[in-house]
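Counting convention: from 1, in listed order, for ligands and their atoms alike. The residues of the chain are indexed from 1 along the displayed sequence.
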Amino acid sequence: MHVKRHSSTMATPILKGGCELLLIVSLIASTFANSDTYIIHMDQSAMPKAFSDHHNWYLATISSISDTAESTFSKTSKHIYTYTSSVHGFSASLTKSELDALKKSPGYIYSTRDRQLKVHTTHTSEFLGLSSSSGAWPAANYGEDMIIGLVDTGIWPESESFGDEGMTEVPSRWKGKCEPGTKFPSSLCNKKLIGARYYNKGLLASDPKIKISMNSTRDTDGHGTHTASTAAGNYVKGASYFGYANGTARGMAPRARIAMYKAIWEYEVNESDVLAAIDQAIQDGVDILSLSLTVATEDDLFLEDDSIAVASFAAMEKGVFVVASAGNTGPNYYTLVNGAPWLLTIGAGTIDREFEGALTLGDGNHFSFTTVYPGNYSLSQKPLVFMDGCESVEELKRVRDKIIVCKDNLSFSDQIENAASARVSGAVFINNYTSLSEYDTRSSFPAVYIGLQDGQMVIDYIRKSKDPRGTVEFRKTVIGTKPAPRVDGYSSRGPFASCRNVLKPDLLAPGTLVLASWSPISSVAEVRSRSLFSKFNLLSGTSMASPHVAGVAALIKKAHPDWSPAAIRSALMTTADSLDNTLTPIKDASNDDLPATPIDIGSGHINPTKSLDPGLIYDATAEDYVKLLCAMNYTKKQIQIITGSSHNCENRSLDLNYPSFIAYFDSDVSESKKKVVHKFQRTLTNVGEGISSYTAKLTGMEGIKVTVEPQKLAFKKKHEKLSYTLTLEGPKSMKEDLVHGSLSWVHDGGKCVVRSPIVATSLTP
Ligand SMILES: *[C@@H]1O[C@H](CO)[C@@H](O)[C@H](O)[C@H]1NC(C)=O
Ligand SMILES: *[C@@H]1O[C@H](CO)[C@@H](O)[C@H](O)[C@H]1NC(C)=O
Ligand SMILES: *[C@@H]1O[C@H](CO)[C@@H](O)[C@H](O)[C@H]1NC(C)=O
Ligand SMILES: *[C@@H]1O[C@H](CO)[C@@H](O)[C@H](O)[C@H]1NC(C)=O
Ligand SMILES: *[C@@H]1O[C@H](CO)[C@@H](O)[C@H](O)[C@H]1NC(C)=O
Ligand SMILES: *[C@@H]1O[C@H](CO)[C@@H](O)[C@H](O)[C@H]1NC(C)=O
Ligand SMILES: *[C@@H]1O[C@H](CO)[C@@H](O)[C@H](O)[C@H]1NC(C)=O
Ligand SMILES: *[C@@H]1O[C@H](CO)[C@@H](O)[C@H](O)[C@H]1NC(C)=O
């Protein structure tokens with residue numbers, strides 16, 4: 001059970017439209033012609049010598065089990081994809097009896113039914129401290145030559161964000177290509193957009209009648225164009241959303257390259273296609289993979305049933321850094337997805353930018369309000385009229401040339417609907433919401449939302465004045481608002497139920513109202529029933545947060561080409577900011593702006609400049625993750641499905657060398673007198689100067705005794721490794737849900753701080 005913590009405040013609903021693209025799998029598979037699509041895991045070492053490659057072995061296996069009755073199906077039409085890099089195996093359309101026969105075939109390990117996945121910046125670079133004069137951009141040469149792969153809705157290749165001015169020749173190590181398709185000749189790729197591929201065979205296998213209107217990597221939705229330009233978009237001057245967020249747009253790594261793998265088809269997406277996309281991205285040679293989609297069910301999955309986890313294990317082994325969004329189903333505990341310990345899980349935060357309008361009364365009184373109303377308006381010195389609850393459309397129609405003022409505590413949405421259908425020229429809604437939903441602020445007519453106190457001033461003015469008038473203006477962008485960042489309500493929260501011993505999420509990055517490029521054929525808003533289009537769109541979601549991190553990871557990898565995915569992760573986490581721009585702990589927008597915990601924000605908010613020079617790193621190898629799976633009591637078979645190879649579990653350890661700590665305590669109060677001790681052993685690698693020493697600094701945790709041994713680490717040379725032990729001693733059961741603190745290794749010369757959050761919790765899924 002996921003206890004809702006914040007019953008009094010509304011979580012910000014995610015915008016309608018493309019931003020709900022965090023994918024959720026439903027386990028209901030369709031039954032077409034009594035066949036279903038299955039993803040089949042095979043033991044590669046069991047391939048008979050007679051076969052030249054795995055693909056031919058799989059085809060032969062399918063043909064050997066084919067139902068003779070169904071002679072209309074050839075062996076190739078049953079086969080959908082062969083996977084070599086994400087999972088070992090293939091997907092195929094099989095009847096029940098064929099599947100049963102397959103299960104007896106040599107090399108068969110495991111199969112799952114294909115699943116349906118439900119489909120879930122200008123200023124952000126400055127907010128993150130990226131500038132051309134100093135810091136991460138010049139230090140990492142803007143991510144030059146790094147290749148960021150995205151699995152998404154495709155890309156709009158003509159967007160200026162994907163222009164290749166200033167880009168060097170495509171590196172010869174790149175094996176990807178630009179597959180031609182509908183309205184997408186391969187000539188549309190360039191030195192910025194170096195790969196474009198599309199996957200819909202799985203979708204078509206489950207429904208051959210489905211119409212694919214754009215059978216190519218071209219993005220008809222906008223989401224993929226948005227995420228790709230956020231990660232690595234080139235510079236575009238004069239970008240804005242109808243005047244909001246105006247400025248120069250660019251991605252986090254403006255000189256990195258983009259490879260788009262389209263597997264989302266107008267909200268339709270199948271696991272078999274997503275696996276094929278990741279499979280190819282690994283083979284093509286991407287450096288970074290950004291995934292704003294997930295396989296998630298109502299149930300907590302074992303990791304071998306989470307195909308994003310399985311495919312990203314293979315990617316990690318090949319040195320590909322995988323970043324994935326945490327989900328948009330916050331703010332309750334245990335809502336997080338994509339939490340496998342070998343990938344980086346990203347939550348979404350706000351930035352220090354707000355969009356406003358202004359209402360000025362005839363008496364000079366002035367109110368500002370939050371809005372992203374995109375349309376035209378002419379509301380200068382218009383008569384104001386108070387219409388109480390705005391219950392009657394007929395009455396509203398009679399005053400439609402004026403600015404109507406509505407106040408009622410009953411049905412806010414009905415008032416908006418009434419005002420819209422009466423086609424009033426403008427409306428002021430007085431309401432008791434402390435924070436409006438983003439959906440409301442994207443109104444389809446000029447709408448002003450103000451609180452009860454300001455609203456009373458407007459009503460008093462109308463009552464007192466002989467000729468009450470008001471002026472309404474929109475399209476104001478305010479920079480430098482405080483506090484920022486905050487974790488936004490929709491951002492999914494940890495722990496990750498399928499792997500509770502690793503603290504998730506890892507990091508917070510900008511996710512709310514992010515401006516980035518968009519598909520110009522996909523409507524961004526509706527004004528008076530007319531669809532509006534734009535080359536840029538403002539979107540909110542953890543989908544927007546993960547490409548920010550993908551771009552920064554490209555900067556780190558450019559600066560440190562030999563670092564493992566775990567080293568890059570450690571650099572991002574240990575340098576993250578735990579304080580906001582008021583220099584107090586980052587707050588939770590869904591919890592009355594009280595301080596957030598590491599279950600909400602992980603190590604904190606990404607700090608690109610610091611992440612390039614972390615001093616020390618927590619490294620980990622594929623073997624370390626295997627030891628973790630062994631200690632979680634995963635079977636040999638489960639581990640083989642995840643890792644693609646067999647392991648004996650000689651060594652087991654729940655204590656992964658991770659840059660954060662989480663310990664579980666009981667909640668049963670009768671046990672509160674007993675003591676319990678949790679020990680963590682960690683190893684730090686010196687990636688800074690040769691000789692350097694660090695001193696441990698702990699922040700206290702109520703009711704828990706925290707100690708570290710040794711308290712000093714003196715490194716004599718670069719790449720040297722030193723270990724320490726962190727001990728938490730507390731009552732067997734805790735009174736609180738969660739207490740947290742931190743361990744920082746502070747460089748004795750003050751050069752860097754290597755910080756890790758520590759959580760002690762009694763939360764259960
Ligand atoms: C889409 O294009 C591919 C490659 O050109 C082709 O094999 C496939 O049949 C096409 N699918 C549809 C539905 O048009
Ligand atoms: C955005 O537009 C406003 C009004 O036109 C202007 O004052 C401001 O300087 C612009 N901001 C940027 C970053 O260009
Ligand atoms: C593939 O996805 C579509 C739409 O998302 C869904 O209707 C279909 O059931 C899925 N196919 C399978 C085999 O699950
Ligand atoms: C707003 O005005 C501009 C310029 O006249 C026009 O191009 C645009 O279509 C108008 N927008 C709407 C929503 O009517
Ligand atoms: C609406 O406001 C009135 C007066 O303030 C109050 O008596 C009533 O309970 C409110 N109704 C709701 C549904 O909040
Ligand atoms: C406004 O909302 C708050 C919290 O929901 C409530 O306590 C307060 O009574 C409301 N005020 C009015 C005037 O309805
Ligand atoms: C794994 O199994 C052992 C032996 O049954 C048990 O002691 C341990 O608690 C289990 N570990 C986990 C993480 O469930
Ligand atoms: C298990 O640990 C021992 C001792 O550290 C080591 O020698 C051995 O290679 C490890 N085995 C595996 C499979 O990692």
F474-Y377 aromatic ring centre distance below 6.0 Å: yes

Validation row, ring centre W342 to ring centre Y625 under 6.0 Å: yes

Those protein residues which place at least one heavy atom below 4.0 Å from ligand 4: N376, R530, L532

Ring centers of F665, H678 separated by less than 6.0 Å: yes

Six-ring centre of Y664, R500 cation under 6.0 angstrom, axis tolerance 45°: yes

Separation between OG of S229 and CE of M252, rounded to the nearest 0.5 Å: 10.0 Å

Cation-pi, Y373 ring and R528 (6.0 angstrom, 45 degrees): no

Where ligand 7 meets N633 - atom numbers and elements under 4.0 angstrom, heavy-atom basis: 1 (C), 2 (O), 3 (C), 8 (C), 10 (C), 11 (N), 12 (C), 14 (O)

